[in-house]
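To start, the structure under review is shown below, and the notes come after it.
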Amino acid sequence: MRKQLSLISRALGGVVLTATVSTAALAGETGQGTLYGDMQAVTQDMLSRAASDGNNFLHTNANYDQTRYYPARQINTSNVKSLRPAWIFQTEIVETMETTPIVVNGIMYVTTAFNHVYALNARTGEQIWHHKHKMGPITTYCCGPNNRGVAVHGDRVYMGTLDAKLVALDAKTGKQVWEQQIADPELGYSETMAPTAVDGKILIGTNGGEYGIRGFVKAYDAESGKLLWTFHTTPEDSAGVWAEKDATGRDMHRDIKAEKAALKALGDPYKTLGGGVWQNPAVDLETNRVYFVVGNPSPDLDGSLRPGDNLYTDSLVAVDLDTGEYICHFQYIAHDVWDLDAVSPPILTDVVNAKGETVPGLLHGGKTGHVYVHDRRDCSLVRFSEAMVPQEDMWTLPTAEGARMLPGANGGVEWSPMAINPALKLTYAINLHQPMTYHVESSAYPAGKLWLGGAFKVIPSEAQWGNITAVDYNTGKIRWKVKTEQPMIGGVLATAGGLLFTGEGNGYFKAYDAETGSVLWKFQAGAGVNAPPASYTVEGKQYIVVAAGGNTQLNYKRGNNILAFTLAD
Amino acid sequence: MASRPAISRLCGTVSRGGPAIFRSGRAVGLLLAGFLLLGQGGLAAAAELEERIALCTTCHGAAGLPEDSQVPIIWGQHFYYTYVQLKDYKAGRRQHEIMSEIVADLSKEEMQGLAQHFSEQAWPATGFRSSDRDVAQGETAASAGQCVQCHLGGYEGNSRVPRLAGQKASYLERTMLDFKQKTRKNAPAKSSLLASYDAAAIVAMARYLAGM
């Protein structure tokens with residue numbers, strides 16, 4: 001008999017921790033079953049209060065605001081030098097890892113490339129179950145067979161798959177409960193993002209901006225898997241306002257006259273216009289709104305086939321959580337021909353506007369190298385930050401021979417989620433500096449095949465590097481910047497302990513002082529650390545956890561490790 | 001099966017298959033098992049597929065290693081890639097004197113059956129060794145094109161993206177040149193990318209990939 005006992009309730013650094021512990025767990029039960037609590041107990045209340053939960057890590061980006069700010073402070077600036085590996089778990093798949101571990105009452109869920117899911121004992125790293133998705137023979141995806149993790153809700157975990165399915169698994173056993181085909185993989189659709197669970201719904205977007213898809217965000221019923229609503233990211237009238245300048249006021253050198261003639265001749269391109277959404281949305285529970293950023297138009301480099309602003313590509317979009325109806329948007333780059341799309345997940349936090357008023361805000365780290373600060377009531381832009389990476393010759397149009405422009409097509413900030421420290425009013429972004437040439441060559445829609453409308457080429461003779469940049473989101477000024485030897489991709493975790501964690505392609509996983517950028521601790525993981533870190537607390541011990549599996553996109557050394565760290569006794 | 005004069009010109013006499021096919025052909029075995037349930041029509045289809053496989057091996061090698069330098073290894077190639085190529089030959093999106101003729105009367109099921117069969121075979125070792133110079137130059141060129149983003153680490157491909165590792169150097173070189181010169185047109189993104197490479201870089205990449 002497993003009598004549930006609520007044993008632990010104590011303050012840890014100002015955060016009230018509560019954990020449900022089973023008598024069986026205290027007796028040292030291993031293998032199948034509950035270890036530290038009831039795995040079925042992921043309630044909406046838990047999900048809604050995640051920002052103040054110092055035990056669990058319930059969302060890919062920590063909470064619905066996606067702050068990636070973890071409230072526990074047992075590990076802090078004064079003791080982080082004593083951080084040591086607690087355990088290392090090795091998965092079956094040695095390939096790119098972008099998973100954020102999700103932790104529920106001492107049980108951790110991680111995913112790998114090609115859609116394996118593991119449930120682990122978060123205290124010991126022991127495997128509880130392992131689920132291998134039965135992959136269909138047809139998958140179409142760019143930039144690696146990635147998966148960024150699961151969503152948890154009730155007694156289930158949810159995952160999107162490379163063959164464009166949404167699957168629901170039993171949290172206790174890993175057995176599949178249901179699956180839904182989200183879209184046709186033969187036409188370029190695939191799933192790599194973690195879903196978002198909210199209010200009995202599972203929200204998920206799609207990849208495919210390199211394949212001429214029509215992007216969307218869909219909501220499914222968490223219990224039955226029934227489709228509840230679909231928001232298409234490319235409306236039937238995608239022409240927009242024929243914007244000639246980007247969000248920062250720079251001329252994008254569009255030939256509006258030629259585009260208008262093309263629109264008349266070709267019609268609206270919305271059916272193959274791309275606009276993937278492949279990172280988690282933020283959810284504003286107060287206003288019942290969902291905020292997400294939309295990826296690049298298809299084909300990436302050739303604008304001749306897709307006249308107009310290409311709404312809502314390269315945009316911030318808000319929709320109603322219950323219906324999926326459009327509320328507002330802001331487009332960063334109209335008619336993008338550089339693949340500088342909006343990817344890094346948006347963060348909700350209060351910001352100070354130009355009048356000095358504190359308003360409900362939203363932050364997005366752009367591939368352009370700017371952090372964009374919005375008033376989320378109407379999606380309007382409040383300010384943009386200083387450039388975090390070199391920008392040269394913006395906006396030089398792609399040419400047949402290849403035109404150099406900085407930043408390269410990977411950013412700036414790629415998909416890597418930012419984090420904030422709300423006390424310091426800083427947001428932390430990791431950036432790439434990767435000089436490229438942009439080549440354009442028109443070709444007809446190839447029905448599911450790679451459709452770039454040209455090519456991107458890295459310039460081998462030019463140095464590449466990365467940085468971690470702290471930006472004051474109330475002024476747009478850079479507070480500090482730390483250069484790294486390689487372009488950065490993966491993600492950031494900030495903690496109430498005054499720390500910042502992020503990894504590098506060379507295998508180093510580092511802790512920084514959130515206020516100054518000083519490196520306070522580092523660990524060599526043996527493979528690229530290119531996944532967003534997470535944190536949790538079990539039996540009074542705070543852990544930091546991260547995947548080290550390298551990265552396909554930047555070809556960083558592959559591995560298969562989940563590494564959990566805690567303070568030395 | 002209709003006579004195949006063009007095939008004979010390139011690869012010699014067409015084999016009519018035999019037990020070896022069944023020893024290595026799990027797809028055929030499975031198809032046969034399935035077709036047995038369907039009666040005479042199914043059996044005939046399985047026999048027809050066996051004959052098609054035998055035809056393929058004439059050029060692509062009975063043990064997966066083609067003798068002709070311009071014929072690719074298809075043993076162990078991904079199912080969906082091979083199926084798409086067959087579809088493209090049939091639709092005229094990819095053209096080749098021999099292949100276009102062979103696929104002309106193939107059904108969707110036959111194309112899938114062939115792709116499935118060859119995807120289940122072991123990739124043969126060619127014994128090709130890249131020089132240090134090939135590796136250095138080929139790796140630099142492939143990095144500039146971000147080739148692993150699609151072909152994945154180790155260049156083993158997946159689903160619709162072909163395995164390049166261990167493919168024949170002469171075929172890789174010819175294919176990249178065909179994309180560059182747009183004589184092969186069924187992957188426009190490849191043509192755009194390879195247009196930016198000179199012949200020396202293409203040779204280096206071919207030799208680098210062939211030695212993996």
Side-chain angles (χ1 to χ4, degrees), chain A residues 94-96 113-114 135-145 162-163 185-186 188 190 210-211 299-302 400-402 408-410 434 436-437 439-461 464 550-558, chain B residues 27 77-85 87-88 91 93-94 108 112-113 115-116 119-120 136-162 179-180 182 184-198 201 204-205:
Chain A
V94 184
E95 188 44 284
T96 185
F114 301 109
M135 195 74 74
I138 301 172
T139 56
T140 307
Y141 54 87
C142 150
C143 316
L162 286 177
D163 52 353
E186 202 159 354
S190 65
E210 279 63 50
Y211 299 92
D300 302 47
L301 292 137
D302 175 19
E401 300 74 28
N410 291 327
Q434 201 179 27
M436 285 189 190
T437 48
H439 306 245
V440 64
E441 183 177 48
S442 195
S443 60
Y445 169 62
K449 289 179 182 166
L450 190 64
W451 194 33
L452 300 180
F456 312 98
K457 276 192 84 176
V458 173
I459 304 171
S461 57
Q464 301 181 29
N551 182 266
T552 297
Q553 189 170 351
L554 299 180
N555 205 18
Y556 291 145
K557 185 184 174 189
R558 309 301 198 277
Chain B
Q77 189 55 276
H78 297 285
F79 157 79
Y80 190 54
Y81 171 75
T82 303
Y83 171 53
V84 167
Q85 298 312 301
K87 276 201 304 181
D88 284 358
R93 289 185 290 266
R94 184 176 176 184
K108 179 181 174 184
Q112 289 180 340
Q116 185 67 33
S119 73
E120 291 169 351
Q137 293 183 349
E139 194 169 20
T140 299
S143 296
Q146 304 181 85
C147 300
V148 292
Q149 285 200 7
C150 293
H151 291 281
L152 305 188
Y155 291 89
E156 293 194 344
N158 182 237
S159 188
R160 73 156 69 231
V161 179
F179 277 127
K180 177 182 170 70
K182 298 189 173 52
R184 181 169 168 184
K185 299 174 182 172
N186 70 329
K190 295 293 96 182
S191 290
S192 300
L193 180 62
L194 287 156
S196 66
Y197 285 95
D198 61 25
M205 281 194 290

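In this text the structure is predicted, and so the values were computed from the model without any measurement.
The nearest pair of heavy atoms linking E441(A) to S192(B) is OE1-OG, 2.5 Å. Closest approach of T139(A) and S159(B) over heavy atoms only: N-OG, 2.8 Å. C150(B) approaches L450(A) most closely through the heavy-atom pair SG-CD2, 4.2 Å. Looking at every heavy atom in both residues, E186(A) comes nearest to R160(B) through O-NH2, 2.9 Å. Across F456(A) and L193(B), no two heavy atoms sit closer than the pair O-CD1, 4.1 Å.
Looking at S196(B), the atoms closer than 4.5 Å to chain A (heavy atoms on both sides) sit in the backbone and in the side chain alike. Residue contact with chain B, scored on non-hydrogen atoms closer than 4.5 Å, is absent for P299(A). Only the side chain of V84(B) comes within contact range of chain A, judged by heavy atoms closer than 4.5 Å. Contact annotation for M436(A): only side-chain heavy atoms (C-beta onward) come within less than 4.5 Å of a heavy atom of chain B.
The line from CG of N186(B) to NZ of K449(A) is 4.5 Å long, rounded to the nearest 0.5 Å. Between the OG atom in S143(B) and the CD atom in Q464(A) there is a gap of 8.5 Å [rounded to 0.5 Å]. Expressed to the nearest 0.5 Å, how far CD of Q553(A) lies from CD of Q146(B) amounts to 7.0 Å.
Within a 6.0 Å sphere centred on NZ of K185(B), heavy atoms belonging to other residues, nucleotides or ligands number 12 at most.
In terms of non-hydrogen atom pairs under 4.5 Å with chain B, the most contact-rich of I459(A), N410(A), T437(A) is N410(A). No other option in P460(A), G402(A), G448(A), G453(A) has as many heavy-atom pairs under 4.5 Å with chain B as G448(A).
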After noting the C-alpha distance and the side-chain angles of L452(A) and K190(B), does the key distance pass the side chain to side chain contact (heavy atoms under 4.5 Å, CB included) rule? CA-CA 9 Å; L452(A) 300 180; K190(B) 295 293 96 182; over 6 Å; no
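Contact check for Y80(B) versus P137(A): no side-chain heavy atoms found under the 4.5 Å cut-off. A heavy-atom distance below 4.5 Å is not found between the side chains of Q149(B) and E210(A).
For E95(A), the side chain to side chain contact (heavy atoms under 4.5 Å, CB included) criterion is met by I93(A), A113(A), F114(A), P145(A), T552(A), R558(A), L152(B), not counting sequence neighbours.
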